[in-house]
Amino acid sequence: MRLLPHPATESIQLTEVLRALADPVRLEIVVRLSVQKEQTCSGVGEELGVHKSTASHHYRMLRESGVVMTRQVGRLKFMRLRRDDLDARFPGLLDSILAAARADDAVLATARAEGVRAVESVPAHGG
């Protein structure tokens, strides 16, 4: 097992964490890791439907900002949130961001469902 380079807990900067989490794909990765604890990088990329090189970029941004820890076992890379480190450095930040992301997802899901119902209720125009 080999750990990739990560910033020390005391070196994690708020601006870098927020920059990493400002991207919707990276935020979705963090939301998924908050539920699944640890996941392979290839598994996350496949679930999100992003190209491998794009996924690698997002993983690197999350790792270098101090949001995730990545370990390599053979050819597989496993990611997990650095929850304890982030909570020690910025108490409550991660929980607030995750709660807001989940609330946004719930609002979007409701809007999509209502949009589908609204479209279904519109009478078809005959010619």
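These numbers were taken from a predicted model, which means no experiment stands behind them.
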Worksheet entry | Chi angles and distances behind the side chain to side chain contact (heavy atoms under 4.5 Å, CB included) call for L33, L62 | CA-CA 12 Å; L33 288 174; L62 289 168; 5.8 Å; no
Fill in: side-chain hydrogen bond (donor to acceptor under 3.5 Å, both in side chains) involving S65 - partner list, sequence neighbours excluded
none
Worksheet item: Do D23 and H58 come close enough that some side-chain heavy atom pair is under 4.5 Å?
Response: yes
Practice prompt. Would you kindly confirm whether L93 and M61 end up in one hydrophobic cluster when ILVMFWY residues are joined by side chain heavy atoms under 4.5 Å apart?
Written response: no
Worksheet item: Between CG of L81 and CG of L98, what distance do you get to the nearest 0.5 Å?
Response: 7.0 Å
Worksheet item: What's the shortest heavy-atom distance between I12 and P7, and which atoms?
Response: CG1-CG, 4.3 Å
Worksheet entry | Pairwise side-chain hydrogen bond (donor to acceptor under 3.5 Å, both in side chains) hits with a residue in residues 89-99, at least two apart | R83-D95
Item to complete: Would you indicate whether the side-chain heavy atoms of K77 and Q72 approach each other to under 4.5 Å?
Response: yes
Worksheet item: Under the side-chain hydrogen bond (donor to acceptor under 3.5 Å, both in side chains) test, which residues partner T9, sequence neighbours left out?
Response: D85
Discussion item. So, taking the atom named CE in M79 and the one named CE in M69, what distance separates them when rounded to the nearest 0.5 Å?
Written reply: 13.0 Å
Discussion item. So, using side-chain hydrogen bond (donor to acceptor under 3.5 Å, both in side chains) as the criterion, who are the partners of E16 when residues are at least two apart?
Written reply: R19
Discussion item. Less than 4.5 Å apart, side chain to side chain, heavy atoms only: is that true for R26 and H57?
Written reply: yes
Item to complete: Heavy atoms only: give me the nearest L27-A101 pair and the separation to one decimal.
Response: CD2-CB, 3.9 Å
Worksheet item: Tell me, do R102 and V35 make a side-chain contact under 4.5 Å, heavy atoms counted?
Response: yes
Discussion item. When you compare the side chain of I97 with that of L18, does any pair of heavy atoms fall below 4.5 Å?
Written reply: yes
Item to complete: Return the minimal non-hydrogen interatomic distance between L14 and F90, and the atom names on each side.
Response: N-CZ, 3.4 Å
Discussion item. To the nearest 0.5 Å, what is the distance between CZ on R82 and OG1 on T70?
Written reply: 9.5 Å
Discussion item. Between L94 and V17, is there a side-chain heavy-atom distance shorter than 4.5 Å?
Written reply: no
Worksheet item: Does some side-chain heavy atom of F78 sit less than 4.5 Å from a side-chain heavy atom of V73?
Response: yes
Practice prompt. Please name all residues satisfying side-chain hydrogen bond (donor to acceptor under 3.5 Å, both in side chains) with R63, sequence neighbours left out, ordered by chain then number.
Written response: none
Worksheet item: By salt bridge (Lys or Arg N to Asp or Glu O under 4.0 Å), which residues pair with R80, not counting sequence neighbours?
Response: none
